[in-house]
Amino acid sequence: MSRKRTLFLIAAVAALAALLSACGGGGGGSSEDPQKVIENATFEGVESGTVDLTMNVKAEGEHGGNMKIDLTGPFQSTGAESLPELALALKANGKADGENVDFEGGLTVLGDRAYVGFDGKNYEVDPTTFGYVKSGFEKAEQEGEKESAGAEANACQKAATSMNLEEFVDNLENEGGEEVEGVKTTKLSGDLDPKGAVDAIIRLMETPACSAELESAGPLPFDELKELKDEITGAVKQAHADIYVGEDDHIVRKVTADLTVEPKGSGEKAEIEFDFTLGQVNEQQTIKAPPNAEPLEKLFGQLGINPLELLGMMEGGGTDDLGGLLEGITGAIGGEGSSSGGGGSEIELPSSGESKEFTECLSEAKSASDVQECASLME
């Protein structure tokens, strides 16, 4: 495994641990025992709201650089067994591996359609393809429910919110009361326990209900995470987190963290600042389709991506296929000297007649072999 991938995985797990360290179950009060507050903190019961996540990464070494990532937008549940509605915007700016990065995109999901934002433009996922993706997630939830011995469809969410937080944090202190977006919270401070965090994350990912849902989105890095557990534990040199828990509803409203990661023998170091805020909890959100959206196939053509390869990955494609796809996309995002087409090879899009036949065939597909038969129509 390359040092670049190792450092990235360690940093991602450390940041995820910072966020998950705030998940639990109800408490508050500025003078309360901090252990009781964290044991009762929760994300459970959140049906809608806004997210505001910022991550600053300063890396030193062969693959050094500076990066700022922002993820913002509203979301709201549409039921336990269906995808939520959301409109998330993602920005990434800085320099990584010697190349400039300037990315702006997003994802909007409504009840019957979805839109992808890229480089200031919006592209619509056609209803048939969206329906196929949506049914895949719903099927994964049903499989997770069966594997969890008849547990409810949101068993994975409940597993996450009921995790033992003593495995995540040490040296907790109650810093008193503080407002977060007009909500009274109790501020806790503490240090992350890397080993306990990794063990808890692995167990959560291996929970049948969660693994079924996560695998529907792509291969999971179980083996890599297990192999790197000791390395992650030793690499996190400093990890401090502040957690803000609502005094009345016990919902976590904010998590901030400062992490220093130094993989042994790599000559690399990453300093990470993480800030997550949950606002407008359980308030009605207005989520609309973006204007002037173009067909998603146009974006595929610009990036040199074959839509059939995406379907192949959804049906269990390997990490090599995913890596190749991501390399093509990151090439298009822009480094110094990159072209507007992203350096990817242009693909020949199917004719309108072929697209219609393929779409009609795909709408009736019920298995991987059916999808393969539909794909032959595009050859």
Side-chain angles (χ1 to χ4, degrees), residues 19 22-23 41-55 68-93 103-138 140-141 152-154 156-158 160-161 178-185 213 216-217 244-256 274-299:
L19 177 58
C23 298
T42 185
F43 283 118
E44 191 172 0
V46 176
E47 299 292 333
S48 64
T50 61
V51 297
D52 188 345
L53 185 152
T54 298
M55 185 181 296
K68 180 180 180 182
I69 302 171
D70 293 295
L71 179 68
T72 59
F75 68 92
Q76 60 188 3
S77 172
T78 59
E81 297 183 2
S82 60
L83 293 174
E85 291 187 341
L86 53 84
L88 300 180
L90 175 66
K91 293 182 179 180
N93 302 96
F103 173 78
E104 181 177 350
L107 176 66
T108 300
V109 177
L110 302 175
D112 59 351
R113 66 194 68 186
Y115 301 83
V116 175
F118 187 85
D119 197 22
K121 295 183 179 180
N122 293 296
Y123 301 88
E124 181 178 2
V125 181
D126 71 88
T128 300
T129 302
F130 177 69
Y132 180 76
V133 174
K134 183 178 180 181
S135 65
F137 278 97
E138 292 173 350
E141 286 205 353
E152 59 270 33
N154 59 350
C156 181
Q157 177 185 348
K158 288 191 173 294
T161 58
E178 190 164 327
E179 284 196 1
V180 176
E181 295 196 352
V183 177
K184 293 182 178 180
T185 70
E213 290 186 23
S216 68
Y244 302 74
V245 183
E247 292 186 5
D248 294 330
D249 58 17
H250 321 307
I251 292 174
V252 175
R253 302 300 179 125
K254 185 175 182 178
V255 180
T256 64
F274 177 89
D275 190 319
F276 171 82
T277 301
L278 181 63
Q280 300 180 23
V281 173
N282 293 334
E283 296 181 15
Q284 181 67 34
Q285 302 297 318
T286 301
I287 301 174
K288 298 180 179 179
N292 305 318
E294 300 183 60
L296 185 60
E297 287 80 0
K298 186 172 182 178
L299 176 61

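Numbers here simply count residues along the sequence, with the first being 1. Everything quoted here is computed from the prediction, not taken from an experiment. Values below: all heavy atoms of this structure, side chains included; hydrogens, waters and symmetry mates excluded.
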Chemist: Are the side chains of L278 and V252 in touch, meaning some heavy atoms are under 4.5 Å apart?
Modeler: no
Chemist: Output side-chain donor-acceptor pairs under 3.5 Å for residues 284-295, partner residues at least two apart or in another chain, one line each.
Modeler:
| unit_1 | atom_1 | unit_2 | atom_2 | d |
| --- | --- | --- | --- | --- |
| Q284 | NE2 | Q76 | OE1 | 3.4 |
| Q285 | NE2 | Q280 | OE1 | 3.2 |
| Q285 | NE2 | E283 | O | 3.2 |
| E294 | OE1 | K298 | NZ | 2.5 |

Chemist: What pair of heavy atoms forms the shortest contact from V245 to H250, and how long is it?
Modeler: CG1-O, 3.6 Å
Chemist: Are any non-hydrogen side-chain atoms of I69 and F274 less than 4.5 angstrom apart?
Modeler: no
Chemist: Once you round to the nearest 0.5 Å, how far does CG of N122 lie from OG1 of T108?
Modeler: 6.5 Å
Chemist: Please list, chain by chain and in numerical order, all residues satisfying side-chain contact (heavy atoms from CB on, under 4.5 Å) with L88, sequence neighbours excluded.
Modeler: V51, L71, L86
Chemist: Which pairs count as salt bridge (Lys or Arg N to Asp or Glu O under 4.0 Å) when at least one residue sits in residues 105-123, sequence neighbours excluded?
Modeler: none
Chemist: Answer yes or no: is there a side-chain heavy-atom contact under 4.5 Å between Y115 and L110?
Modeler: yes
Chemist: Measure across P84 and V109 and return the closest heavy-atom pair with its distance rounded to 0.1 Å.
Modeler: O-CG1, 3.6 Å
Chemist: Tell me every residue that passes side-chain contact (heavy atoms from CB on, under 4.5 Å) with E178, counting only those two or more places apart in sequence or in another chain.
Modeler: T185, K187, Y244
Chemist: Of the options L299, L296, L90, which is the one that meets F118 in a side-chain contact (heavy atoms from CB on, under 4.5 Å)?
Modeler: L299
Chemist: Which pairs with one or both residues in residues 45-54 pass side chain to side chain donor-acceptor pair (under 3.5 Å), sequence neighbours excluded?
Modeler: E47-S77, T54-D70
Chemist: Tell me, do D275 and K254 make a side-chain contact under 4.5 Å, heavy atoms counted?
Modeler: yes
